[in-house]
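For reference, the structure is listed below as structure tokens.
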Amino acid sequence: MRVAPVLIALGLLVAAPGSASADVIFDPADADELAATLAEATEDQDVCYGWDVSVDDAVAGNSKSVGSNFGAGRPVSSGSWREEVVFNAYITYTSESSESEDSASYDVVSSSGDVTREDLDGLELDLDGLTGEDPDVVVGKAVVALPLLAADAGMAKGIEAAPETADAPADAALTDDPGSDWWRDNGGVLMWGIGLLLAGALFAWWVLRNNKVRWTPPNRRRPAPVEEVPQYIPADFYGQVDPVPAPETTPKPEPVEDPAERPTPDTEHTEKTTPPADPSTPDEPAAPPSEKDAGPSEPSDQKDKE
Amino acid sequence: MSTRNKLLVAGALGGVGLIVLLFAIFGGGGIRSYLDDNFRRQSANGNSIVYTSTAKPKTVYEQIRSARPPADTQLDPSGYFMRYSDDIVAVTANGTGSRIYIDDERRGYSHWLFFVGGVWGTGGSGENFRGGGPGGGK
């Protein structure tokens with residue numbers, strides 16, 4: 001039973017990362033650190049991990065970045081392992097004078113086929129950055145994720161981690177401001193809401209503006225025309241003439257009166273339209289009031305006479 | 001389209017916008033309330049809480065990330081680390097399932113310094129993969 005740990009330890013010694021050679025993607029220290037991280041994962045999961053990045057530079061020519069749990073610069077084929085997962089990438093840098101853009105492609109190859117590129121894409125690592133300013137960061141994140149993908153695919157058990165309970169170094173402190181969680185969660189929805197609200201308000205304003213002349217508020221609208229019923233129906237309303245005129249509709253001739261009995265136009269006009277003359281009005285011609293006109297029912301006049 | 005119908009369309013647009021606005025303002029809580037609502041609490045020590053899930057770490061990570069997008073994510077063969085404005089969340093394996101840790105940013109950075117040190121702050125092993133690429137991109 002004690003033989004197994006010894007064999008494993010010997011195997012790890014053989015598979016210990018070697019020193020980094022010149023690398024087109026990584027700094028030597030970073031390549032060594034990445035290889036060491038993979039070696040730890042291999043120890044826990046019994047799966048070989050590696051990377052193989054080919055760079056086609058129009059200026060510098062072709063070069064490669066290769067590494068694995070065996071060390072930087074050493075491919076996964078350096079040892080014999082039951083399972084292996086490798087991140088492959090192909091980056092093409094065109095010359096400045098070329099009209100073509102830089103391009104990159106990548107893939108994940110596993111011996112069992114359980115881990116695929118789609119699994120890596122599911123982590124949303126923004127692998128478009130392979131042609132960006134920091135391809136080493138992108139490749140590093142993709143390679144470090146291989147043990148996670150292997151565990152998720154069932155190729156190996158997941159590696160557990162426990163929080164460090166010891167005190168952190170005195171200089172350990174977060175530096176960058178991560179920004180607002182609320183804005184990150186709801187900023188997009190908030191902007192959509194504001195946009196829709198403004199769009200509705202602007203549309204309503206536009207509609208009202210364009211219909212200002214024709215449209216009046218409901219309380220200022222004219223009432224609907226009322227159908228008027230004529231006082232009488234003409235005789236030929238239905239297209240036929242009634243031979244006998246209706247007695248109600250036939251205008252009666254006015255009876256001829258004796259001109260002597262008719263009031264004179266002046267009198268009639270005075271009686272109908274002129275208000276009773278005020279005797280005190282100076283504009284009126286001074287007519288001496290007779291006793292007959294004054295009448296006995298005017299005590300004031302009587303007092304004056306007395 | 002009559003004026004009345006146009007005004008109805010404008011009102012509908014504004015109404016939908018108002019609903020979306022209210023949903024954005026009052027809709028969702030933070031990462032802590034989300035974890036509390038969706039995972040089983042295992043233990044707590046002040047602001048440090050541990051949850052468990054029967055799902056695998058990658059599934060849990062994708063679920064949390066899509067529901068409450070973190071400001072930054074750091075991966076390691078041991079797990080997924082997400083940084084929020086006031087908290088740090090770590091998802092790691094727990095047998096066939098997952099264990100989810102949430103700490104305030106200060107304690108979380110101290111707890112997971114080995115994994116995120118030098119990336120989110122000072123005092124760690126230095127930022128991973130600082131550069132050294134060919135620099136031939138354009």
Side-chain angles (χ1 to χ4, degrees), chain A residues 24-27 30 33 37 40-41 55 57 59-60 93 96 102 122-123 131-137 140-141 144-145 147-148 151-152 158-161 163-164 168-169 171-176 178-181 184-186 189-190 192-197 199-201 203-204 207 211 215, chain B residues 3 6-7 9-18 20-21 23-25 27-28 30-31 56-58 62 68-69 71-72 75-80 83-86 90 92-94 101 105-106 109-115 117 120-124 128-134 136-138:
Chain A
V24 68
I25 295 291
F26 297 107
D27 281 338
D30 289 341
E33 186 177 339
T37 301
E40 291 175 9
V55 176
D57 194 323
V59 178
Y93 295 113
E96 293 292 336
D102 297 340
L123 297 177
T131 55
E133 293 296 322
D134 298 313
D136 54 336
V137 175
K141 284 187 174 182
V144 159
L148 294 170
D152 188 67
I159 302 173
E160 298 185 17
E164 182 63 52
D171 63 339
L174 288 161
T175 51
D176 300 329
S180 165
D181 287 346
R184 199 181 314 111
D185 290 348
N186 303 302
V189 180
L190 189 75
W192 267 105
I194 292 174
L196 285 172
L197 206 58
F203 188 48
V207 170
N211 293 275
W215 188 83
Chain B
T3 299
K6 287 177 182 174
L7 288 176
V9 170
L13 265 177
V16 172
L18 191 64
V20 171
L21 205 63
F23 178 79
I25 293 173
I31 179 64
K56 290 184 174 180
K58 182 169 182 276
E62 289 174 345
R68 298 290 182 272
D72 194 17
L75 302 184
D76 183 89
S78 301
Y80 305 83
R83 186 180 181 189
Y84 293 88
S85 59
D86 298 321
T92 183
N94 178 33
Y101 299 85
E105 58 177 357
R106 187 176 174 186
Y109 189 63
S110 174
H111 280 174
W112 306 108
L113 184 65
F114 180 76
F115 304 98
W120 292 344
T122 59
N128 293 328
F129 322 118
R130 280 182 294 268
K138 63 175 184 179

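In what follows, chains carry the letters A, B, and so on, assigned in the order in which the sequence lines appear, proteins first and then strands, with residues in each chain numbered from 1.
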Point to revise | chain A contacts, top residue of B:T92, B:V9, B:N94 (heavy-atom pairs, under 4.5 Å) | key: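 Most heavy-atom pairs within the cutoff with chain A belong to B:T92.
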
Review point. For the candidates B:G17, B:S85, B:G11, which exhibits the highest count of non-hydrogen atom pairs separated by less than 4.5 Å from chain A?
Key: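 Looking at each option in turn, the highest pair count goes to B:S85.
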
Point to revise | Side chain / backbone / both / neither for B:P57 at chain A, heavy atoms under 4.5 Å | key: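 Answer is neither: B:P57 stays 4.5 Å or more from chain A.
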
Check your understanding: Does any heavy atom of chain A fall under 4.5 Å from the side chain of B:Y84, the backbone, both, or neither of them?
Key ->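 It is both, since atoms from each part get that close.
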
Point to revise | Atom of A:V59, atom of A:D57 and distance for their closest heavy-atom approach | key: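 Heavy-atom minimum between the residues: N-OD1, 2.9 Å.
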
Check your understanding: Who pairs with B:E105 by salt bridge (charged side-chain N to carboxylate O under 4.0 Å, His left out), at least two apart in sequence or on another chain?
Key ->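 B:E105 satisfies salt bridge (charged side-chain N to carboxylate O under 4.0 Å, His left out) with no other residue.
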
Review point. If you measure from CG on B:L7 to CG on A:N211, what distance do you get to the nearest 0.5 Å?
Key: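 If we round to the nearest 0.5 Å, B:L7:CG and A:N211:CG are 8.0 Å apart.
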
Review point. How many angstroms lie between CG in A:L196 and CG in B:L21, if you round to the nearest 0.5 Å?
Key: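 Answer rounded to 0.5 Å: 9.5 Å.
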
When only pairs under 4.5 Å are counted, which of [options] shares the most heavy-atom pairs with chain B?
{"options": "A:L190, A:V207, A:L148", "result": "A:L148"}
{"options": "A:A145, A:P178, A:G200", "result": "A:P178"}
{"options": "A:G122, A:P147, A:A204, A:A161", "result": "A:A161"}

Check your understanding: Of all residues at least two apart in sequence or in a different chain, which pass the side-chain contact (heavy atoms from CB on, under 4.5 Å) check with A:I159?
Key ->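 For A:I159, the residues satisfying side-chain contact (heavy atoms from CB on, under 4.5 Å) (neighbours in sequence not counted) are A:A41, A:D44, A:Q45, B:P77, B:S78.
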
Review point. Given A:T175 and B:W120, is the side-chain contact (heavy atoms from CB on, under 4.5 Å) satisfied, shown in steps?
Key: CA-CA 6 Å; A:T175 51; B:W120 292 344; over 6 Å; no

Practice item. With a 4.5 angstrom heavy-atom cut-off, could you sort out which part of A:A173 is near chain B: side chain, backbone, both or neither? Key: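 A:A173 touches chain B through backbone and side-chain heavy atoms alike.
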
